[in-house]
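In the text below, chain A, chain B and the rest are named by the order of the sequence lines, each starting its count at 1. As the structure is a computational prediction, the values presented were derived from the model and not from experiment.
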Number of protein chains: 2
Amino acid sequence: MTLLDVAQRAGVSVATASRVLNGGDRVPRPELQERVKAAADELGYTPNAQAQALAKSSTNLVGILVHDIEDPYFAAIANGVMRAADERNLLVMMASTFRDSDREIAYLSSLRAQRARAAVMIGSRRTDADSLSRTAAEVENFLNSGAGLALVSQSGMPAHTVEPDNRSGSADLARELVALGWRKFAVLGGPETLATARDRRAGFIEGLAEAGLQPVAVEAGDFTRDGGYAAAEQLLDRQADVDCLFAVNDVMAVGAMSALRTRGVDVPGKLGVAGFDDIATLRDVWPGLTTVRLPLEQMGRRALELAIEGGDVTTETFKAEVVLRESTAKA
Amino acid sequence: MTLLDVAQRAGVSVATASRVLNGGDRVPRPELQERVKAAADELGYTPNAQAQALAKSSTNLVGILVHDIEDPYFAAIANGVMRAADERNLLVMMASTFRDSDREIAYLSSLRAQRARAAVMIGSRRTDADSLSRTAAEVENFLNSGAGLALVSQSGMPAHTVEPDNRSGSADLARELVALGWRKFAVLGGPETLATARDRRAGFIEGLAEAGLQPVAVEAGDFTRDGGYAAAEQLLDRQADVDCLFAVNDVMAVGAMSALRTRGVDVPGKLGVAGFDDIATLRDVWPGLTTVRLPLEQMGRRALELAIEGGDVTTETFKAEVVLRESTAKA
DNA sequence: CTGAAAGCGCTAACAA
DNA sequence: TTGTTAGCGCTTTCAG
């Protein structure tokens with residue numbers, strides 16, 4: 001069923017039909033409107049979005065790229081993006097890159113092919129020179145095509161950026177932990193190459209330094225639950241003299257807590273544990289996890305807004321807020 | 001940059017250019033291929049997917065509908081769908097319906113307008129007659145448009161269906177809990193109107209019945225963390241004589257555990273707790289939550305396959321598996 | 001093997 | 001106000 005069918009059945013031209021059904025400009029006389037609308041739903045007409053897009057050379061599609069939609073951190077941000085998109089009547093095309101930058105690049109290029117209005121890329125960039133520059137090139141292309149783009153948590157690209165204040169958030173956390181009386185810290189620092197991990201690590205160390213402290217140990221490892229588990233085990237194996245443990249995200253922290261439990265280390269009695277992100281799904285773990293809260297959904301919303309609005313490239317930083325819970329309570 | 005630009009620069013016709021760049025059929029002579037490819041990337045040509053879709057009247061778009069992408073249950077299934085889509089080089093358009101059936105209907109119709117190849121709808125249907133029939137009508141439309149469709153966890157629609165075996169899964173759970181020695185059960189049953197919740201409730205009661213038992217209490221409530229928290233509180237307030245508590249999903253179970261903890265009720269010492277789903281993010285809660293594992297990602301994959309393949313309408317049921325953990329350990 | 005040309009369904013000048 | 005018509009960019013017969 002095409003517009004032409006509808007027009008004929010209603011005894012009007014396609015132009016008229018288009019005007020009453022889709023067009024926003026001058027509206028035909030009421031009588032014709034009725035006829036066209038009637039014809040349209042008798043025929044079960046649905047506009048062909050591709051044809052509209054081609055004719056108007058513009059779409060209401062926006063893209064969103066996440067590393068892994070099962071990771072609650074990304075899901076929370078994505079949720080914000082989708083809410084904002086929904087409010088603006090934009091259709092969302094989402095892809096999970098499974099942490100593969102080739103997929104990321106390919107998808108960005110698909111979005112360009114789809115003539116997407118804008119895209120939001122979520123997730124910390126690896127500091128790997130090669131894939132970094134290839135991604136940058138495609139980002140360039142994307143922007144040159146006239147579409148908007150915003151990145152969440154990955155600075156250094158020539159597009160709008162929304163970032164959490166990882167550095168000062170973890171510095172604040174360090175201060176509060178010190179104030180609570182903790183002294184001998186280990187950092188489960190995630191991958192060396194991940195900017196987010198690095199910033200949180202650095203901020204924490206900075207915070208400690210203000211109190212004249214420095215971490216007893218810094219473990220690398222994956223940015224995942226299993227990474228946290230493994231890093232905690234290593235720490236115990238090494239019998240490091242530690243009284244509090246900071247994992248650079250909640251998922252790692254929870255993994256670490258499991259490792260400690262398995263080894264019979266009491267939290268917070270024997271060892272305090274803190275994370276970062278304040279993932280909603282993890283707010284019920286026990287002991288309650290001390291962490292740094294990020295306005296994840298808001299960051300997502302804002303990213304979409306920036307991507308859509310275009311304008312001069314800006315970087316917006318979102319404040320993080322320390323949340324003290326039982327996992328770092330001092331007896 | 002259009003195909004025409006490329007063709008002119010390469011000194012060939014658009015037909016030729018199309019054949020080497022996109023078309024899959026007869027390929028022009030090597031020399032021309034080179035010229036066209038060269039021209040294409042000198043000009044930074046990207047095909048216009050809308051125009052292609054219009055010309056071929058077919059797309060590589062698939063849709064996916066979830067109630068709430070932040071809910072790890074949906075995220076896990078969505079992840080499976082996206083993986084399967086990625087393997088087939090399909091682009092995914094995802095929407096969160098925020099549990100609103102009007103949004104759901106609207107999105108389905110957008111997908112139709114986009115001439116999506118197929119769609120997957122994830123999430124338990126409410127048993128609300130009105131929105132049910134309106135959704136059914138749009139589902140009809142969608143299928144009539146020639147696109148494929150599969151539903152996850154919502155039977156009763158005239159399309160492929162993938163469902164977990166909620167009923168026998170929770171019956172199995174009931175049996176195992178009884179075998180462990182628990183006797184006085186309360187069910188935190190979720191909303192009356194939610195098919196998934198109802199089936200799990202019913203299966204559990206069935207399982208108990210085999211042992212000549214029946215639940216001491218059945219609490220309704222939301223299908224969420226807060227719903228579980230509130231339901232558990234009510235139960236305690238009523239001072240029901242209960243020794244084990246089954247929440248119809250993990251998220252509720254975790255909420256309930258928090259309520260119990262707040263009230264000083266020891267789990268599993270004083271009260272056992274079990275859930276359903278085996279959400280990955282919650283595998284580290286303590287005490288480890290006894291639950292029923294569902295192959296969520298696989299279900300998502302399969303749903304996409306069915307939606308794409310079309311064919312006769314089938315219903316596939318996925319077996320659930322009881323996972324016993326510490327939350328129901330008997331001293 | 002290659003090119004010309006007719007659409008795909010719709011929008012937006014431009015005319016009437 | 002309404003209709004005519006020329007594209008939008010690409011695919012695909014159909015000739016050459």
For atom CG of L32(B) and atom C1' of dT2(C), their distance in whole Å:
8 Å
How long is the gap from CG on L3(A) to OH on Y45(A), to the nearest 0.5 Å?
3.5 Å
Check nucleotides 13-16 of chain C for protein N or O atoms closer than 3.5 Å to its own N or O atoms and list the pairs.
none

Rounded to the nearest 0.5 angstrom, the NE2-CE distance for H160(B) and M121(B) is 14.5 Å
Phosphate OP1/OP2 of dT2(D): any S13(A) side-chain N/O under 4.0 Å
no
If I take atom CD from residue Q50(A) and atom NZ from residue K56(B), how far apart are they, to the nearest 0.5 angstrom?
11.0 Å
Separation of dG9(D) P from L21(B) CG (nearest whole Å):
16 Å
Taking the six-membered ring of F98(A), is the NZ or CZ of R83(B) close enough (under 6.0 Å from the centre) and on axis enough (within 45°)?
yes
Answer yes or no: is there a donor N or O on one side and an acceptor on the other, between the side chain of S145(B) and the main chain of F142(B), under 3.5 Å?
yes
Atom pairs, N/O to N/O, protein against nucleotides 6-10 of chain C, distance under 3.5 Å?
| unit_1 | atom_1 | unit_2 | atom_2 | d |
| --- | --- | --- | --- | --- |
| dC8(C) | O2 | A55(B) | N | 3.3 |
| dG9(C) | N2 | A51(A) | O | 3.4 |
| dC10(C) | OP1 | Y45(A) | OH | 2.3 |
| dC10(C) | OP1 | N48(A) | N | 3.3 |
| dC10(C) | OP2 | L3(A) | N | 2.3 |

side-chain hydrogen bond (donor to acceptor under 3.5 Å, both in side chains) partners of E42(B), counting only residues at least two apart
R9(B)
Does a salt bridge link D130(B) with R134(B), judged by any charged N lying under 4.0 Å from a carboxylate O?
yes
Rounded to the nearest 0.5 Å, the CD atom of E138(B) sits from the OG atom of S101(B) at a distance of 12.0 Å
